[in-house]
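Before any comments, here is the structure.
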Amino acid sequence: MKQNPTLDTLIAGLAPLEVRLAPGASSLRPTALTADSRQAGAGSLFVAVPGTKVDGHSFIPQVVAAGAAAVVCEHIPDGASADVSWIRVADSSEALGLLASAWHGHPSRRLTLVGVTGTNGKTTIATLLYEFARLQGLNAGLLSTVVNRINDTEVAATHTTPDPLELNALLARMVDEHCEFAAMEVSSHAAAQHRIAGLDFDGAIFTNLTRDHLDYHGTFANYLKAKQSFFDGLKPEAFALTNIDDRNGEVMLQNTRARRSTYSVRSDADFRGRVIEDRIDGMVLSLNGTEVDLMFAGRFNASNLTAVYGAARLLGFDNDAVLLAMSRLVPVAGRFQPFRSADGVTAVVDYAHTPDALVNVLDTIGEIRRPGQRIITVCGCGGDRDRGKRPIMAAEAARRSDRVILTSDNPRTENPSAIIDEMKAGLDAEAAAKTFSIVDRREAIRMASELAAPGDIILIAGKGHEDYQIIGTEKHHFDDREEITAAFASRS
């Protein structure tokens with residue numbers, strides 16, 4: 001039976017500022033590791049983490065009363081019990097990541113682990129790397145916004161990057177299932193909150209950086225710094241692959257110790273992609289001079305695929321094997337996913353929920369469409385999130401569409417009508433004249449279908465793979481893909 005590690009083993013990698021061990025505590029094997037005071041029972045190791053809403057330090061008396069054997073914290077309370085071991089650290093969020101890795105036996109060290117960060121493209125690239133590894137016959141894991149996978153088993157995803165305890169538990173499960181490779185999204189929140197502390201990455205990929213999550217980071221500079229910190233922490237043996245088509249791409253490489261490589265679809269780079277032919281259902285892409293027919297559309301996907309190609313080559317896979325496997329890859333659910341009505345209307349469901357992502361998708365559709373085909377866009381903005389992007393989203397949608405329907409996304413605790421009003425503030429008179437506002441997302445999608453003539457293209461943006469809508473604090477089943485399928489069925 002697997003034993004829990006001893007306290008001295010766990011704290012060995014923390015570089016603590018102060019340690020006060022209770023008698024005989026160094027050989028103690030904590031019964032549990034937790035940052036949740038409600039789970040801190042007898043013999044447990046509790047980590048007091050300052051959160052965005054609640055500071056774990058305020059629960060220290062409660063966990064001591066519950067019988068916790070040791071506490072890791074940034075401030076040891078006055079009158080601290082001598083029967084409890086106290087470990088003071090500079091940053092308990094980082095300590096939690098390091099402890100979680102040690103608790104599970106450092107599973108990331110037993111995997112080839114590649115992380116993907118950036119505003120857009122993380123899910124696509126991470127998923128395609130996982131799929132590529134599976135096509136190569138490897139046991140592999142995936143940690144993504146859409147779903148987590150351990151070989152062919154799905155594990156529900158609740159965050160882009162899970163908390164350190166859940167993350168390391170998933171990695172440990174991958175090791176137990178004999179996985180050799182894992183790909184994961186690394187969000188800016190995860191980097192800033194040290195959720196990835198203690199992980200042993202063998203490679204990192206940067207996609208791009210545009211306005212997002214400023215409700216959390218406060219400034220774009222802080223957002224950039226969070227992404228860069230991921231690259232700063234890489235080991236020398238790892239690879240750092242960055243998109244030099246993004247003006248922040250080179251920034252990611254400034255301080256990294258890893259092997260530096262670049263990719264691009266616009267200029268010379270270590271890994272160069274060039275679109276030869278683009279269709280609504282695929283493209284011909286030249287990768288370092290070899291043309292490959294792929295089941296993906298759009299220049300943003302050309303960039304994603306070039307990143308996958310570069311990462312696979314940096315991982316040591318044979319060039320011909322990489323190209324063959326890439327020709328067999330299929331698009332990720334809810335990422336430029338096409339649907340077609342019986343009478344020839346095409347709809348694209350995409351997760352685009354930032355101005356840049358929306359522009360990329362609409363520009364792709366604009367490049368692919370034939371003369372006379374209209375673009376009808378359905379989009380909204382999430383509640384309790386960055387309000388500054390709302391007028392920008394509406395303006396970009398109107399600029400690139402023939403008709404726009406502004407609707408509800410995940411309003412959460414905000415009034416959806418008020419969110420739409422803030423979006424409409426970005427429209428001039430000409431744009432407003434071709435824009436409709438329909439709060440009910442189902443009705444908005446139906447109206448788009450009714451407005452469309454054979455040959456037109458509908459973009460339903462913002463939710464992609466999500467099969468729910470958050471209204472208030474509750475999740476309700478809602479899937480854009482189901483809704484457009486139903487709307488198309490009613491056309492016939």
Side-chain angles (χ1 to χ4, degrees), residues 2 4-5 7 9-16 30-40 44-57 59 63 68 70-74 87-111 113-117 122 126 141-145 148 150 155-176 179 182-202 204 213 216 226-227 229-235:
K2 189 176 181 180
N4 293 339
L7 182 62
T9 298
L10 287 168
I11 68 176
L14 293 187
T31 56
L33 169 65
T34 183
D36 186 339
S37 61
R38 295 166 296 185
Q39 298 176 3
S44 63
L45 170 56
F46 175 71
V47 186
V49 177
T52 54
K53 295 180 180 178
V54 179
D55 187 345
H57 288 78
F59 295 100
V63 302
V71 175
V72 173
C73 54
E74 295 177 8
I87 300 95
R88 184 167 66 89
V89 295
D91 189 319
S92 53
S93 296
E94 181 179 19
L96 179 62
L98 296 170
L99 287 166
S101 178
W103 181 265
H104 288 283
H106 302 287
S108 62
R109 296 178 185 176
R110 291 179 279 170
L111 294 162
L113 179 63
V114 176
V116 187
T117 197
K122 296 189 297 296
L142 170 68
L143 295 163
S144 81
T145 303
N148 300 319
I150 301 173
V155 181
T158 56
H159 297 85
T160 301
T161 310
D163 69 67
L165 293 168
E166 181 186 357
L167 176 55
N168 280 277
L170 284 167
L171 292 171
R173 282 183 60 185
M174 291 177 190
V175 171
D176 290 342
C179 289
M184 67 176 285
E185 296 183 49
V186 177
S187 68
S188 57
H189 291 71
Q193 296 170 5
H194 301 295
R195 288 187 227 159
I196 57 173
L199 297 190
D200 182 49
F201 285 95
D202 297 285
H213 302 306
Y216 174 79
K227 299 289 189 185
S229 68
F230 171 41
F231 282 78
D232 292 351
L234 294 173
K235 61 187 179 184

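One is the number of the first residue; the rest follow in order along the sequence. Only this structure's heavy atoms are used, side chains among them; waters, hydrogens and symmetry mates stay out. If you're wondering where the values come from, they're calculated on a predicted model, not measured in any experiment.
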So L165 and L33, side-chain contact (heavy atoms from CB on, under 4.5 Å) or not? Walk me through it. CA-CA 8 Å; L165 293 168; L33 169 65; 3.5 Å; yes
Criterion side-chain contact (heavy atoms from CB on, under 4.5 Å) on T117 and F231, from CA distance to verdict: CA-CA 10 Å; T117 197; F231 282 78; 3.7 Å; yes
Kindly determine whether K227 and V186 satisfy side-chain contact (heavy atoms from CB on, under 4.5 Å), including the steps that lead there. CA-CA 8 Å; K227 299 289 189 185; V186 177; over 6 Å; no
Take F46 and V72 through the side-chain contact (heavy atoms from CB on, under 4.5 Å) test and state the conclusion after the steps. CA-CA 6 Å; F46 175 71; V72 173; over 6 Å; no
side-chain hydrogen bond (donor to acceptor under 3.5 Å, both in side chains) between E74 and S92, worked out: CA-CA 6 Å; E74 295 177 8; S92 53; 3.2 Å; yes
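Residues satisfying the side chain to side chain contact (heavy atoms under 4.5 Å, CB included) test with R109, not counting sequence neighbours, are H106, D200.
The distance from atom CG of N168 to atom CG of D163, rounded to the nearest 0.5 Å, is 9.5 Å. Between L170 atom CG and L143 atom CG the span is 5.5 Å, to the nearest 0.5 Å. To the nearest 0.5 Å, atoms CG (L167) and CG (L199) are separated by 5.0 Å. We find the CG-OG distance between L234 and S229 to be 10.0 Å, quoted to the nearest 0.5 Å. For the atom pair OG of S187 and CD1 of I196, the computed distance is 8.5 Å after rounding to the nearest 0.5 Å. Atom CE in M184 sits 8.5 Å away from atom CE in M174 (nearest 0.5 Å).
One N or O on the side chain of D202 and one on the backbone of L113 form a donor-acceptor pair closer than 3.5 Å. Side-chain atoms of E185 never come within 3.5 Å of backbone atoms of K122 as a donor-acceptor pair (strictly under, hydrogens ignored).
The shortest distance between side-chain heavy atoms of W103 and N4 falls below 4.5 Å. Considering only heavy atoms from C-beta on, C73 stays 4.5 Å or farther from I87 through its side chain. Contact of the L142 side chain with the N148 side chain is not registered, since no non-hydrogen atoms from C-beta on lie closer than 4.5 Å. Counting heavy atoms from C-beta outward, L171 and V175 have side chains that stay 4.5 Å or more apart. Using a 4.5 Å heavy-atom cutoff, the side chains of P50 and H57 are in contact. Here the side chains of R110 and C179 are not in contact, with every heavy-atom distance at 4.5 Å or above.
Taking every heavy atom of both residues into account, T34 and D36 meet most closely at OG1-N, 2.9 Å. Across all non-hydrogen atoms, the minimal contact from V49 to A35 is CG2-CB, 4.3 Å. Of all non-hydrogen atoms in P164 and A100, the two that sit nearest each other are O-CB, 3.5 Å. Taking all atoms of both residues into account, the shortest heavy-atom contact from A95 to V89 is CB-CG2, 4.0 Å. Nearest heavy atom pair, residue G198 against residue S101, reads O-OG, 3.3 Å.
Between F201 and F230, the distance separating the two ring centers is shorter than 6.0 angstrom.
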